[in-house]
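First the structure, in the form of structure tokens, and then the observations on it.
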Amino acid sequence: MTSAGSGIVTVRPAELADAGAIGRVQSESWRSTYPGLVPDHVLLRMTPERQGAMWRRYLGDARRPMGSVFVAEASDGGVVGFGSCGPEQTRRMAAHDGEVYTLYVGDAARGQGVGQRLLHAMFARLSRDGHKAAAIWVLDGNPARFFYEAMGGTLIAQRHSREWGTAIAERAYGWYGLDRFA
Ligand SMILES: CC(C)(COP(=O)(O)OP(=O)(O)OC[C@H]1O[C@@H](n2cnc3c(N)ncnc32)[C@H](O)[C@@H]1OP(=O)(O)O)[C@@H](O)C(=O)NCCC(=O)NCCS
């Protein structure tokens, strides 16, 4: 997987041709981050090929089922991270009308500011689309919650559900005043 290397990373809207690279980053991130949090059989199914095909469908669909998708591209042209955002999905968080649906940085590119760049690009997009505030859901045990706290997010909600045949605990972080990112 490409590292952010020189530190020169461009964040831009994803294109259909990025689907394979997005699938690679996503499957790599799930397999490095979610053991113990998500059942192994789910992680085993999370292959670059399967995820790439899924993103090919999403990015080729004019209805934009995954909202706006951004990629972070290193200076050598390799995709090192991606994220997606759009209207808040549960429609139960009145104040937080926007949502970041996904945010993943490849293992080798972490800790170099890529996640922050992607997050701010998505906040800017949400603001330009008329959203005032944003929410992000994260698994309780995911260290990414410390990243969201470092990014100024505050705990706004918690929920418990069953997914993949197992109990899932999640928390949502929120950001107000998205116009400062636009
Ligand atoms: C969470 C994630 C997106 C962060 O991206 P990143 O590129 O590594 O983060 P950045 O380098 O932009 O970090 C920005 C700041 O957050 C802090 N930070 C990042 N990850 C952190 C962590 N796990 N714990 C504490 N602080 C963290 C950094 O120290 C940095 O602070 P600084 O600006 O004071 O130096 C990335 O680690 C990732 O993809 N994780 C796996 C997938 C995942 O869990 N995604 C979230 C799903 S909800």
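Atoms within each ligand, like the ligands themselves, are counted from 1 in listed order. Heads up: numbering here begins at 1 and tracks the sequence.
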Exercise. Using 4.0 Å as the upper bound for N to carboxylate O, is an ion pair formed by Asp107 and Arg110?
Worked result: yes
For this session: Run the salt-bridge test on Asp18 and Arg12 with the 4.0 Å N-O cut-off and return the result as yes or no.
Result: yes
Exercise. Between Tyr176 and His96, is the ring centre distance below 6.0 Å?
Worked result: yes
For this session: Look at the rings of Phe181 and Phe123 and say which category their plane angle falls in: under 30° parallel, 30 to 60° tilted, over 60° perpendicular.
Result: tilted
Problem set entry | Gap separating the CD atom of Gln26 from the OG1 atom of Thr47, nearest 0.5 angstrom | 10.5 Å
Exercise. Do we get Arg159 above Trp137's six-membered ring, with its NZ or CZ under 6.0 Å from the centre and within 45° of the axis?
Worked result: yes
For this session: For ligand 1, would you mind listing the residues that have at least one heavy atom less than 4.0 Å away, ordered by chain and number?
Result: Thr33, Tyr34, Leu103, Tyr104, Val105, Arg110, Gly111, Gln112, Gly113, Val114, Gly115, Gln116, Trp137, Val138, Asn142, Pro143, Ala144, Phe146, Phe147, Tyr148, Ala150, Met151
